[in-house]
Amino acid sequence: MSDPAGQPIAPEERLIAAIAALIAEPCDHPVRHAAVGAASPIPAAACMLRQHEGHAMRLSLLQSRRANPFTEGGRELFDLAGQGRIDLFFLGGGQIDGAANINLVGTGTYPQVEARFPGSFGSAYMYFAVPRTILFREEHSRRVLVEKVDFISAPGTSPANVWRRGTPQALVTGRCVFDFVASRARFVLRSLHPGVSAADIVRETGFGFDIPADVPVTPEPTPAQLALLRGPVRAAMEVNYPDFCGRVWGRRAA
Amino acid sequence: MSDPAGQPIAPEERLIAAIAALIAEPCDHPVRHAAVGAASPIPAAACMLRQHEGHAMRLSLLQSRRANPFTEGGRELFDLAGQGRIDLFFLGGGQIDGAANINLVGTGTYPQVEARFPGSFGSAYMYFAVPRTILFREEHSRRVLVEKVDFISAPGTSPANVWRRGTPQALVTGRCVFDFVASRARFVLRSLHPGVSAADIVRETGFGFDIPADVPVTPEPTPAQLALLRGPVRAAMEVNYPDFCGRVWGRRAA
Amino acid sequence: MSSDFALVSVDELVARIPDGAVLAMPPDYSLSPAAAVRALIRRGAARLSLLGVPISGYCADLLIGAGAVGAITTSAVSLGEYGLAPRFTAAVKAGTIKVDDATCPCVHTALQAAEKGVPFMPLRGVIGSDLLRHRPDWKVVDNPFGNDDPILLVPAISPDYALFHAPMVDRAGNVWVGRRREVATLAHAARTVLVTAERLYDGTMLEDERLAPGCIGAVYINAAALAPKGAWPLGCLDLYDPDEAHLALYARAARDETGFRGYLDAHVLGAA
Amino acid sequence: MSSDFALVSVDELVARIPDGAVLAMPPDYSLSPAAAVRALIRRGAARLSLLGVPISGYCADLLIGAGAVGAITTSAVSLGEYGLAPRFTAAVKAGTIKVDDATCPCVHTALQAAEKGVPFMPLRGVIGSDLLRHRPDWKVVDNPFGNDDPILLVPAISPDYALFHAPMVDRAGNVWVGRRREVATLAHAARTVLVTAERLYDGTMLEDERLAPGCIGAVYINAAALAPKGAWPLGCLDLYDPDEAHLALYARAARDETGFRGYLDAHVLGAA
């Protein structure tokens, strides 16, 4: 393996480190078991980074081709979540609104949609059953981050009498990190990625959110983190995310 | 294999043939799939006899040690029945009453029972889910066949609005065969085993039942049936019921 | 031992699925019956109602593009890393198919209810999702064991036909699907179960304690056809991986009607 | 990858089960944990509430006879071909244990509800059985999808401890149980899962597509102990058959208290 020092930090590495910081954050629900979807290499790498930093945590990669952890078929992920055995999940959305409602179905007036997205997958269940959800969407635009989603695949908050184990913890985009305050159903700007201003975020975000007096820059991955990412994390990622690894860290020498 | 001719007919062979005749009886629910419990060699042999007589019918031996048909664990039998995929089941009872209620729990006033039986097993479900149930109990006495069971593990009939696929078809004992008339929740004497009189049955039966003007003798197994029983049926029974085979048909030469 | 099970050809297998039937299939990552789907298109199947268990992908998109589908109930239709399912997306825009949007555990739950022979099963979550507003067949009741605790009840689904691909079938009709137990639940829930298989296992799989746990018993299986590489261009467990180049080719070709027709001619209608 | 899984001794395994716990075990024909039960008796366990999944046999009778059991929920207690369970029968007569009678599919359903994380699950049948009169925790409601259609709802059961024997465990804590999936459902439903295993599998079973379908994933398993012949005198799949002579000996000995004490001294308390 070549010495990773001196290579520039990739945007993906920043996002991985930002998500890892959210996972590490003290919380009523410590993360002992995270589940990550097949199309989510950045959240997967963030979980692996935490593991290599010493966080005792199980990671289940859904639809993993090798050593898939599930032996009861497709329902097992949802059953596991129902049993309270999954602490952290990741969701995205074709649209995400200021109350953390997510839309995976389409824009326009359902069912006569304008743009059709794939569909809700398990979001309408996992958002309730898992104590912590980190929302992740690289595209940060008014197209994606809207005032009110056209279709609620899964609601960000629920009335007090509706069974729900948790709420969204945060929203990570390609430009910033928002914390989510469930009691007010509102996002608060937590940090700005390098080179991005609060004014940029206001301009590119379709929903209202709170801006604290002092918004820090999203911390860069530390040299130790970069070494882990470019070494053991990358090695573990190759099986399920070869394209991602090649794009971010370069093709491996044969 | 030795020639079976000339050997006397065993009582068990009569019961097997009697049950086989009930299985063969035309009915709204033809038997395409029968399930038989581990402790029921006579019903199992009756099903196998029908198969060898050309009845196209699947037989699932529960808790079979070899080639057990179930791969979903203990619930699969009940799920199969729930799906309507089992047409015939067999039940017995520590007590059976004149309305075909069965008691597998105990005598006396529950929970302060006088005699405790093992328990209800799946009876409270299978009796409803399976279209045809043949009740089978070799002991024919007022101790077993009672006017009213002390505890209803499973009811013989249900109100019209209660979901139920079927009702008991008949009761086979060591002395006779009763048909069950569900609309009147009452047994009717169908046939008397050789050497038994209707008066014997009245004397030994704790519940009231109808006696037609002419009650035939339970047909003896035919020579063809005896040949099948003592040949291929016995061979198939050896795996799961070695003790029964030894008792009825003699130990095999080594 | 008797059984209605029959070993037939792939064309005979799909001939059993009439136009208008409710047809349930597993997703791209789970024993997807691509060879049978191509045969269905060749036989000109029409007005099918698809059920995605719990989501749909390449096979559904192919059927939709070929005009074989009138409706689909599913939790998503996607080509995964190859992007949106282009013919599904186009059909929704054109209004030529009806979509009943679901969420994955609702599909699993509805099939489990049918497997168990009960009319419904409860499921947590979902309340507050717009899915619920468009699914009058789902009901929210107050949990009888709780107090002011609304809970979703999902009605059982018994699809007319289940169709999937499996690594092995034996002559008795037992089918080995390994850890992909969602197709077992589907087989238990469906009225008729049709299977393509990579190969015939010479023996009775249920007699082998090592093979039995991955089997669906013959009691559920109506017919099977041998179809080596029958999941292609999708993968089949550890036997072969998805054909990534071909799936990328499909995703490009199917972007428009002309490209899709060309794909059909080259890879479906032309193939035997 | 991290996990709380620990490989311990049989005595350490059962030391995790406190007096008064709800302890669920499979029946005699399904991976029964006889060696662990003997260890439980040696450690003097008391006031256990047993759950038979779905029935109980030799192991329950042994624990009851040893005075370790305060209550049992089960669909039957029986030694099968060896007759009534003598210590259970005697304890019921003496009024020294509380019995909650169930019926097999109610137990499976209650565990499936816990597996799914729902508070209840419906089940057909049972209405009109006296079981229902003595189970105030079971409810009959009108089917919300029907019309004047009463249906039973069974509340979820999450046993404190599940204890069973398995053919294999690997170092990660994956456990192979073959087709005996009722112990998988039990493991999913239970709060803590303790396993004895015939042998250690050298490798990761979930990486083998042929072994994975018979596995319970390590995420559910808290601890395991190696116990060769750990189901004895009961059988273990195709590895060994029940010891019929020993079970007959037990059935005879346990007919009275003196005989049972003699059996305990010879086969439980004396054995390490």
Side-chain angles (χ1 to χ4, degrees), chain C residues 31 105-106 108-110 112-113 115-126 136-147 149-156 167-168 174 176-181 183-185 205-217 235-239, chain D residues 31 105-106 108-110 112-113 115-126 136-147 149-156 167-168 174 176-181 183-185 205-217 235-239:
Chain C
L31 307 177
C106 281
H108 293 304
T109 296
Q112 283 185 282
E115 175 181 62
K116 225 175 164 53
V118 290
F120 63 88
M121 216 176 250
L123 182 71
R124 285 302 194 182
V126 186
D137 53 328
W138 297 353
K139 286 183 195 284
V140 174
V141 302
D142 202 42
N143 170 13
F145 297 85
N147 179 19
D149 176 21
I151 187 167
L152 177 67
L153 302 183
V154 180
M168 296 189 283
N174 302 299
W176 192 88
V177 298
R179 68 174 100 193
R180 301 287 9 167
R181 301 307 293 172
V183 297
T185 307
M205 290 190 286
L206 293 188
E207 285 178 4
D208 182 331
E209 290 291 339
R210 299 297 170 280
L211 285 175
C215 283
I216 303 172
C236 185
L237 300 188
D238 58 348
L239 301 178
Chain D
L31 308 178
C106 280
H108 293 304
T109 297
Q112 283 186 282
E115 175 182 62
K116 225 174 164 52
V118 290
F120 63 88
M121 216 176 250
L123 183 70
R124 284 302 194 182
V126 186
D137 52 328
W138 297 355
K139 284 181 199 284
V140 174
V141 301
D142 201 45
N143 170 13
F145 296 86
N147 179 21
D149 175 20
I151 188 166
L152 177 66
L153 303 183
V154 180
M168 297 187 283
N174 302 299
W176 193 88
V177 297
R179 66 174 101 194
R180 303 286 9 167
R181 300 307 292 172
V183 298
T185 307
M205 291 191 286
L206 293 187
E207 285 178 4
D208 182 332
E209 290 290 341
R210 300 297 171 278
L211 285 176
C215 283
I216 302 172
C236 185
L237 301 187
D238 59 348
L239 301 179

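Computed from a predicted model, the values in this text were never measured in an experiment. Residue numbers begin at 1 in each chain, while the letters A, B, ... track the order of the sequences.
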Fill in: Taking every non-hydrogen atom, the tightest pair across V118(D) and L123(C)
CG1-CA, 3.8 Å
Worksheet, complete the sentence: Greatest number of non-hydrogen atom pairs under 4.5 angstrom with chain C, of G117(D), P122(D), C215(D), G146(D), falls to P122(D)
Worksheet entry | Side chain / backbone / both / neither for L239(D) at chain C, heavy atoms under 4.5 Å | side chain
Worksheet item: Do you know which of G214(C), P167(C), P155(C) has the most heavy-atom pairs with chain D at a distance under 4.5 angstrom?
Response: P155(C)
Practice prompt. Applying side chain to side chain contact (heavy atoms under 4.5 Å, CB included), run through R181(C) and R181(D) and close with a yes or a no.
Written response: CA-CA 12 Å; R181(C) 301 307 293 172; R181(D) 300 307 292 172; 5.8 Å; no
Item to complete: Nearest 0.5 Å please: distance from the CD atom of Q112(C) over to the CD atom of Q112(D).
Response: 6.5 Å
Worksheet entry | For the student: nearest non-hydrogen atoms of F120(C) and L153(D), plus distance | CZ-CD2, 4.1 Å
Practice prompt. Determine the sole option in R180(D), R179(D), R210(D) for which the salt bridge (charged side-chain N to carboxylate O under 4.0 Å, His left out) test with E209(C) is passed.
Written response: R179(D)
Discussion item. Once rounded to the nearest 0.5 Å, what's the spacing between atom CD of E207(D) and atom CG of D238(C)?
Written reply: 11.5 Å
Discussion item. Quick check on K139(D) against chain C: is it the side chain, the backbone, both or neither that has a heavy atom closer than 4.5 Å?
Written reply: both
